[in-house]
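Below, each value reflects all heavy atoms present in this structure, side chains not excepted, and no hydrogens, waters or symmetry copies. Position 1 is the first residue of the sequence, and the numbers go up from there. Because the structure is predicted, anything quoted here is derived from the model rather than measured.
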Amino acid sequence: MAKTIQAIRGMNDCLPEISGTWQKVESVLRQVVANYGYQEIRTPIVESTDLFKRSIGEVTDIVEKEMYTFEDRNGDSLTLRPEGTASCVRAGNEHGLLYNQQQRLWYMGPMFRHERPQKGRYRQFHQFGVETYGIDGPDIDLEVILLSARFWKAFGIEKHVTLQINTLGSNEARAAYRDTLVEFLKASADQLDEDSLRRLETNPLRVLDSKNPDVQAVIADAPSLIDHLDEESKAHFETLCARLTEVGIAYEVNPRLVRGLDYYNRTVFEWVTDSLGAQGTICAGGRYDGLVEQLGGKATPAVGFAMGIERLVLLLTTLTDEGQDDSFADVYVTAMGDDAQSYAIEVAEHLRNQLPDTRIMMHCGGGNFKKQLKRADKTGARLALLLGSDEMQSRKVGVKPLRDGQEQVTVSFESLSDTVLKLLSEK
């Protein structure tokens with residue numbers, strides 16, 4: 001027997017038992033962004049490696065340790081995209097979507113990072129993101145946060161998530177703060193781990209993002225970036241906070257929130273939950289006003305966010321009944337005998353035409369009615385249609401409810417769709 005081939009570690013199959021939950025989640029995400037007037041953009045999975053080095057930052061865990069990078073047959077360095085923002089900016093610049101324009105975009109698709117797989121976090125993961133361009137004020141920051149908050153309401157989990165926000169200020173203010181932070185950290189260099197010491201020389205703000213408890217104890221006393229803001233960034237942040245309060249969105253200011261990517265400035269935010277064990281981030285974003293120009297376009301204000309769908313699905317299945325409905329048919333069509341089989345096909349196709357939102361499955365493979373009804377039960381169908389030679393000749397259909405103990409009825413072909421719709425509508 002040939003050796004079986006298994007999936008690559010950290011790259012998981014989405015099996016039928018959970019794919020229905022994924023489809024529901026994706027449908028809600030699409031509905032909400034459509035409600036806000038956002039348009040979909042689809043970008044390639046493979047991009048030039050330089051795109052991510054220039055956007056994410058060379059001294060980041062993603063670029064240094066996690067990217068899937070390879071040379072193609074022409075000797076070009078290519079990378080499986082580790083995130084979606086850089087690709088959106090590249091596409092916007094390339095196709096003239098950004099200069100002197102406003103854009104509200106969204107995307108959804110697979111991303112790739114070679115990190116240690118764990119529950120809800122994989123090497124191939126799926127990300128949903130929102131990106132806006134050409135709008136400078138705090139009103140668009142508020143809009144993307146409101147949009148993300150609407151997801152939690154739609155999923156019924158708003159009580160299980162908390163909004164944390166911060167501001168990184170302008171590039172100039174951040175540079176001045178950098179010097180203050182470096183001086184503070186160097187005084188405690190003997191308490192920093194290897195990663196933090198390396199970041200101290202290349203990107204000191206990333207030390208604030210450390211997950212090492214010993215380093216966290218050091219940075220607890222670090223000077224706060226919010227105390228070193230320029231006046232414009234301070235006013236921007238204060239206006240955002242005031243408007244969040246006005247619309248009833250609760251938030252916490254987290255002065256240690258810096259985000260893991262180099263392109264952020266001013267507003268940054270995360271939605272976090274403790275319902276998955278240790279506090280985890282399920283959605284994160286912020287402003288990145290310099291990235292469009294950094295990647296070859298004209299200076300363009302921008303703000304957006306992204307969320308991992310695997311973590312969202314995990315949260316939903318943990319907190320709600322989502323995923324408990326394992327049915328994959330509403331109506332199961334059975335037939336006894338070869339003559340009735342052709343009638344069964346006609347009945348099934350008629351119902352699919354009349355009731356396009358109803359899941360109609362037809363039995364294949366023969367067997368007696370008992371076997372066919374057993375299969376119908378396994379699909380989770382609420383109704384079975386029973387067809388034999390008598391039903392075929394009289395143009396009638398036997399309708400058998402499978403879940404609520406109602407009596408079987410026989411109806412005409414012409415009234416079948418109305419009967420099915422009525423029975424499926426009853427609780």
Partner set under side-chain hydrogen bond (donor to acceptor under 3.5 Å, both in side chains) for Ser148, not counting sequence neighbours
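Residues passing side-chain hydrogen bond (donor to acceptor under 3.5 Å, both in side chains) with Ser148: Trp271.
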Looking only at heavy atoms, which two atoms of [X] and [Y] are closest? And how far apart?
X      : Y      : answer
Ser170 : Ala173 : OG-N, 3.1 Å
Gly137 : His236 : C-CE1, 3.6 Å
Ser87  : Thr43  : CB-OG1, 3.5 Å

Please test Thr79 against Thr69 for side chain to side chain donor-acceptor pair (under 3.5 Å), starting from the C-alpha separation and ending with a verdict.
CA-CA 4 Å; Thr79 295; Thr69 297; 2.8 Å; yes
Would you please name every residue forming a side chain to side chain contact (heavy atoms under 4.5 Å, CB included) with Arg150, sequence neighbours left out?
Val32, Asn35, Tyr36
Give a yes or no on whether the backbone of [Y] and the side-chain of [X] come within a donor-acceptor separation of less than 3.5 Å.
X      : Y      : value
Tyr177 : Pro223 : yes
Thr281 : Val272 : no
Thr273 : Ser275 : yes
Glu83  : Phe52  : no
Glu47  : Leu80  : no
Ser55  : Ala86  : no
Arg113 : Gln124 : no
Ser233 : Leu229 : no
Asn74  : Asp76  : no
Arg403 : Asp377 : yes

Does the gap between the ring centers of Phe128 and Phe151 come in under 6.0 Å?
yes
For His160 together with Trp152, are the ring centres under 6.0 Å from each other?
no
Taking atom [atom1] of [X] as the centre, report whether more than 12 heavy atoms of other residues, nucleotides or ligands fall under 6.0 Å from it.
X      : atom1 : value
Glu346 : CD    : yes
Ile8   : CD1   : no
Arg123 : CZ    : yes
Glu183 : CD    : no

Note: Asp330-Arg382 ion pair, threshold 4.0 Å (strictly below):
no
With a 4.0 Å cut-off on N to O distance, would you call Arg90 and Asp50 a salt bridge?
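A salt bridge is absent here (no side-chain N lies under 4.0 Å from a carboxylate O).
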Start with the C-alpha gap between Trp106 and Glu131, add the side-chain angles, then the distance that decides, and say whether side-chain contact (heavy atoms from CB on, under 4.5 Å) holds.
CA-CA 6 Å; Trp106 68 271; Glu131 314 290 355; over 6 Å; no
Kindly determine whether Arg81 and Val46 satisfy side-chain contact (heavy atoms from CB on, under 4.5 Å), including the steps that lead there.
CA-CA 6 Å; Arg81 62 186 185 192; Val46 179; over 6 Å; no
Single hit among Tyr68, Phe125, Phe70 for ring pair (Phe, Tyr, Trp, His ring centres under 6.0 Å) with His114
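Exactly one candidate clears the test, Tyr68.
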Measure the CG-CG distance between Asn265 and Asp289 for me, rounded to the nearest 0.5 Å.
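The distance works out to 4.5 Å.
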Is there a side-chain contact (heavy atoms from CB on, under 4.5 Å) between Leu163 and Leu244? Walk through the geometry before answering.
CA-CA 10 Å; Leu163 174 65; Leu244 284 169; 4.3 Å; yes
Set out, in order, the CA-CA distance, both residues' side-chain angles and the distance that settles side chain to side chain donor-acceptor pair (under 3.5 Å) for Glu71 and Ser77, then state yes or no.
CA-CA 5 Å; Glu71 282 193 4; Ser77 180; over 6 Å; no
